[in-house]
Asks: 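Quick one: structure below, then a few questions.
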Amino acid sequence: MSMSDTIIYMDHAATTPVHPEVQEVMKPYMDDQYGNPSAIYRLAASAAKAVSLARTRTASVLGARPEEIYFTSGGSESDNWALFSVCEARGFKDCHIITSRIEHHAVMNTCRRLERLGVRVTYLPVSETGLVDPAQVREAVCPETVLISVMYANNEIGTIEPIAEIGEAAREKQVLFHTDAVQAVGHIPIDLMNLHVDMMSASAHKLGGPKGVGMLYVRKGISVYPFIHGGAQERGRRAGTLNVPGIVGFGEAMRIAGESMQRSGEVTVKLRDRLTERLLNEIPGSRLNGAQDTRLPGNVNISFEGIEGETLLIMLDQAGICASGGSACSTGAIAPSHVLTAIGRSESEARGSVRFTLSDSNTPDEVDRVADTVKEITERLRNI
Ligand SMILES: *Cc1c(COP(=O)(O)O)cnc(C)c1O
């Protein structure tokens, strides 16, 4: 195997390249249109207008109103804000949150922090494919429950959660419902008009936008405490000079996603299924993690029996292939993924997992090269 000069990028759940059209529309706001949108002169007005257009576009793709969109620094801030603000309203006392065992660290570690502040948290188990059961959500509600937070789609295994049903349970119980939709927005259709979702997080860099910008949707009529304190930006709810180029880029990425999601989803699903089938059929001891059908278009997550995922990833990198693992190197030790253990995978299965996340920019030829390379590497590792 030789060092490849062309990279095959299959880690779109970690981040995406910034779409060329997105780069183009951002440029003027880093050049001559640099005004602070809060100022009074015309230079500011053009920036303010661009932010307003981005807000309208973002809202319209999601079935929301522009005034329900609050721009933030990304998915992590949006998740922190949603969870903190609801608990702060109760003084962090006598409050209870319901979430799942497979949330992104931005939700999970915020819950851990809130627990230290006195909040009680229920971490619901999930099915073998990673699905949260809406009936269990309903049963977990108690008089102190202030928030349900369940992700729209999982970043590791791609499982899409029953958000409509969980929303119905939340409404029936009159509990606020937040969803971390960072992996879903721009990838699968979302219509907030027809979902009982009260708050929703998204991030631009997961859908062809720039890093460091995201949003929190807050349904009209729901009051939230600010998380970042300071100036009166974002109707007094999120302080800080607006990241104009970032917001403009986010808006453009949303516009493009709104127009091309269906077509790109179909292309991506075909690539996903081809890669999944080849790996499962041609590599003994391989097993799919996550759901077969209720799954993000680009997600392939497979455990290879007896293989150290980290080693496989390093060898894939040497072959010019970017993918991710089901374990995170934390403080020197490799900890198996909380998502894979929550769906019942053993520690060694979790360690042996690799995640490929595709987009419509990948090709069938790349899929075949990746499948061939993984096959070759696993055979080599097993014969050592
Ligand atoms: C990437 C990601 C986040 C964090 O978003 P950032 O914009 O990188 O802070 C949160 N939740 C999920 C599900 C993600 O995939």
Side-chain angles (χ1 to χ4, degrees), residues 9-18 22 58 62 69-84 99-113 123 126 130-132 148-161 163 166 177-188 190 197 199-217 227-228 238 240 243 245-247 249-251 253-254 257 289-291 294-301 322-326 328 337-340 342-343 355-359:
Y9 187 72
M10 290 196 181
D11 202 16
H12 292 86
T15 197
T16 58
V18 180
V22 170
T58 302
L62 298 171
I69 306 296
Y70 295 86
F71 290 117
T72 66
S73 66
S76 299
E77 181 190 325
S78 299
D79 288 341
N80 273 259
W81 182 14
L83 272 62
F84 252 86
T99 187
S100 82
R101 288 191 194 158
I102 62 163
E103 296 299 311
H104 187 272
H105 285 113
V107 166
M108 199 172 72
N109 289 339
T110 302
C111 285
R112 301 253 184 264
R113 170 71 187 145
Y123 300 88
V126 294
L131 289 166
V132 171
I148 295 162
S149 181
V150 174
M151 68 201 319
Y152 210 111
N154 185 269
N155 47 299
E156 290 188 37
I157 57 174
T159 300
I160 300 168
E161 298 297 338
I163 294 304
I166 297 169
F177 178 32
H178 165 256
T179 184
D180 173 342
V182 172
Q183 290 291 334
V185 170
H187 298 278
I188 55 173
I190 296 178
V197 165
M199 289 186 276
M200 186 176 84
S201 307
S203 177
H205 77 97
K206 304 284 176 80
L207 60 119
K211 293 166 184 62
V213 60
M215 57 143 237
L216 182 68
Y217 157 86
F227 183 64
I228 306 288
R238 200 279 185 183
N243 172 3
I247 291 167
F250 188 12
M254 287 297 288
N289 295 312
T294 47
R295 186 177 192 106
L296 287 171
N299 181 291
V300 177
N301 187 316
C322 304
S324 275
S337 138
H338 67 283
V339 176
L340 296 175
I343 63 168
R355 177 191 75 179
F356 302 93
T357 42
L358 292 74
S359 83

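Order of listing sets the numbers, starting from 1, for every ligand and every atom in it.
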Asks: For R112, check salt bridge (charged side-chain N to carboxylate O under 4.0 Å, His left out) against everything at least two apart and list the hits.
Replies: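 Salt bridge (charged side-chain N to carboxylate O under 4.0 Å, His left out) check on R112 returns E115.
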Asks: Side-chain donor-acceptor pair under 3.5 Å between T357 and N299, yes or no?
Replies: no
Asks: In Å and rounded to the nearest 0.5 Å, what is the CD1 to CG distance from I188 to L296?
Replies: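 So the gap between those two atoms works out to 5.5 Å.
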Asks: Return all side-chain donor-acceptor pairs below 3.5 angstrom for residues 204-215, not counting sequence neighbours, or 'none' if the list is empty.
Replies:
{"unit_1": "H205", "atom_1": "ND1", "unit_2": "T15", "atom_2": "OG1", "d": "2.6"}
{"unit_1": "K211", "atom_1": "NZ", "unit_2": "T15", "atom_2": "OG1", "d": "3.2"}

Asks: Nearest protein heavy-atom contact for atom 12 (C) of ligand 1: which residue, which atom, what distance?
Replies: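 Protein heavy atom with the smallest distance to atom 12 (C) of ligand 1: H104 CD2, 3.3 Å.
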Asks: Would S149 and H178 count as having a side-chain donor-acceptor pair, cut-off 3.5 Å?
Replies: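 On atom types as modelled, these side chains qualify, holding a pair under 3.5 Å.
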Asks: Under 4.0 Å, counting heavy atoms only: does H205 come that close to any atom of ligand 1?
Replies: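 Checking ligand 1 against H205, which is what was asked, there is a heavy-atom contact under 4.0 Å.
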Asks: Among all protein heavy atoms, pick out the one at the shortest distance from atom 6 (P) of ligand 1; state its residue, atom name and that distance to 0.1 Å.
Replies: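 The protein heavy atom lying closest is G75 N, 3.5 Å.
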Asks: Can you confirm whether the side chains of S201 and D79 place a donor and an acceptor under 3.5 Å from each other?
Replies: yes
Asks: Short list, please: which atoms of ligand 1 are under 4.0 Å from a heavy atom of K206?
Replies: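 Under 4.0 Å from K206, ligand 1 has these atoms: 1 (C), 2 (C), 3 (C), 14 (C), 15 (O).
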Asks: Whether the E156 and S337 side chains hold a donor-acceptor pair (N or O, under 3.5 Å, no angle test) is what I'd like checked.
Replies: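 There is such a pair (donor and acceptor under 3.5 Å, judged by atom type) between the side chains of E156 and S337.
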Asks: Going by the atom numbers of ligand 1, which of them fall below 4.0 Å from some non-hydrogen atom of S203?
Replies: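 In order of number, 6 (P), 7 (O).
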Asks: Considering the heavy atoms of N155, write down every atom of ligand 1 situated less than 4.0 Å from one of them.
Replies: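 So the atoms of ligand 1 that pass are 13 (C), 15 (O).
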Asks: Can you find an N/O atom of E77 closer than 3.5 Å to an N/O atom of ligand 1?
Replies: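 Between E77 and ligand 1 (N or O atoms, distance only) the closest approach is not under 3.5 Å.
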Asks: Among all protein heavy atoms, pick the one closest to atom 9 (O) of ligand 1 and tell me residue, atom and distance.
Replies: S76 OG, 2.7 Å
Asks: Starting from atom 11 (N) of ligand 1, locate the nearest protein heavy atom and write down its residue, its atom name and how far away it is, to 0.1 Å.
Replies: D180 OD2, 2.6 Å
Asks: At less than 4.0 angstrom from any non-hydrogen atom of G74, what atoms of ligand 1 do you find?
Replies: 7 (O)
